[in-house]
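Right, one structure below, let's go through it.
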Amino acid sequence: MYQILVIEDDEDIQEILNNYLKEEGYAVTLAGDGVDGIAKFHKGFYDLILLDIMLPKIDGFGVCELIRRESDVPILMLTALDEEACQIRGLDLRADDYITKPFSAPVLMRKIAAVLRRAHKEGESQQIVYKSLLVDIPGHHVYILENGRKEIEVTQKEFELIHVLLLNKGIVLTRQRLLNLVWGEDYYGEERIVDTHIKNIRKKLGQNYITTIRGVGYRIDKENPR
């Protein structure tokens, strides 16, 4: 199920978007201003962000710029401003698409589907290959590609940790963010459970793909370009 973050201060529009998105089968998180939007972004993992421009506290341009410093998540900007300069600014900040208000909800749903298709091309979203590691997303299988293809038995939480770290290659994820992403925001247990699972993953894989950033968290490094 695709996870969508809606950052919109108009409660009526929030409700419309929430209803339409859920009818289309998306999971929805709502934020009412720029600061709340950034906070929600850091607490979860999202496949797409619907971002209003005219927001309190931090406007949509500022939110987009902050998110782009650490993520390539697709961003679709919503605004009542239809001036060309505003659209160009949003696209210069690497927004993926732009739609003006008032908008047709069915058309917006099709734009969202199109952006998600581009971001998750068939095949790319089905498996991740990293060095000698292959992760089959739909089947929840992990393989080592050395001397053939050997499947590694991992728990659900171990699989989710590997998946999240691979999706964020080059980015340090704190223990708290990993807890939020894998265990959920309502988990109130000990942070060190992350360390235990990382230790088990390293032992099972037989290679250390995961780098410990002391006092911060964990990261899977980007592969060197060939």
Side-chain angles (χ1 to χ4, degrees), residues 1-82 86-87 89-91 93-126 128 137-138 140 160 163-164 167-168 177 179-187:
M1 179 185 292
Y2 288 122
Q3 305 281 333
I4 296 182
L5 173 61
V6 176
I7 309 177
E8 166 65 63
D9 64 320
D10 187 311
E11 292 183 0
D12 291 334
I13 295 177
Q14 265 196 10
E15 184 177 0
I16 290 169
L17 291 172
N18 189 41
N19 291 338
Y20 269 93
L21 289 167
K22 287 184 175 178
E23 284 179 11
E24 293 293 322
Y26 300 119
V28 182
T29 299
L30 301 174
D33 59 60
V35 171
D36 187 31
I38 291 294
K40 294 279 177 62
F41 167 73
H42 283 134
K43 288 181 179 179
F45 180 82
Y46 300 99
D47 297 286
L48 182 140
I49 296 175
L50 284 178
L51 176 61
D52 186 30
I53 288 181
M54 302 298 288
L55 291 170
K57 299 184 180 179
I58 303 176
D59 69 17
F61 294 126
V63 172
C64 185
E65 185 175 4
L66 289 169
I67 290 174
R68 279 290 174 259
R69 290 179 185 177
E70 55 183 290
S71 174
D72 290 323
V73 59
I75 296 175
L76 202 164
M77 302 194 86
L78 306 172
T79 185
L81 303 174
D82 59 359
C86 290
Q87 296 185 34
R89 185 179 177 191
L91 296 172
L93 289 169
R94 294 165 50 214
D96 293 82
D97 208 341
Y98 196 107
I99 189 166
T100 56
K101 300 175 183 176
F103 54 81
S104 160
V107 169
L108 176 58
M109 293 305 111
R110 282 158 179 77
K111 278 183 172 284
I112 289 169
V115 171
L116 287 170
R117 279 196 301 273
R118 291 199 299 267
H120 300 270
K121 293 177 184 176
E122 187 173 355
E124 290 182 355
S125 62
Q126 301 302 302
I128 300 173
I137 309 303
H140 279 221
E160 291 177 11
H163 187 198
V164 165
L167 288 174
N168 292 276
R177 189 163 185 198
L179 283 174
N180 290 340
L181 292 170
V182 176
W183 279 265
E185 292 184 40
D186 56 351
Y187 176 81

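Since the structure is predicted, the reported quantities are computational estimates derived from the model, not experimental observations.
Residues I53 and Y98 form a side-chain contact, since some pair of their non-hydrogen atoms from C-beta on lies under 4.5 Å apart. Within the 4.5 Å cutoff, side-chain heavy atoms of R69 are placed close to those of L66. Side-chain contact check for D9 versus D33: every heavy-atom pair is 4.5 Å or farther apart. In this structure the side chain of D52 never reaches within 4.5 angstrom of the side chain of I13, judged on heavy atoms.
Without hydrogens or angle criteria, E8 side chain to Q14 main chain gives no donor-acceptor distance under 3.5 Å. K40 places a side-chain N or O within 3.5 Å of a backbone atom of L30 that can act as its donor or acceptor partner.
Taken from CG in L181 to CG in L167, the straight-line distance is 10.0 Å, to the nearest 0.5 Å. One distance of note links CD1 of I4 with CG of L17; it measures 9.5 Å at 0.5 Å rounding.
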**Study point:** Trace of the salt bridge (Lys or Arg N to Asp or Glu O under 4.0 Å) decision for D36 with K57
**Key:** CA-CA 9 Å; D36 187 31; K57 299 184 180 179; over 6 Å; no

Review point. Taking it one step at a time, do L50 and L21 satisfy side-chain contact (heavy atoms from CB on, under 4.5 Å)?
Key: CA-CA 11 Å; L50 284 178; L21 289 167; 4.0 Å; yes

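Heavy atoms of other residues, nucleotides or ligands lying less than 6.0 angstrom from CZ of R94 number more than 12. Within 6.0 Å of the CZ atom in F103, the count of heavy atoms belonging to other residues, nucleotides or ligands exceeds 12.
No cation-pi contact links R68 to F61, judged by a cut-off of 6.0 Å to the six-membered ring centre and 45° from its axis.
Salt bridge annotation for R117-D96: absent, with no cationic side-chain nitrogen under 4.0 angstrom from a carboxylate oxygen.
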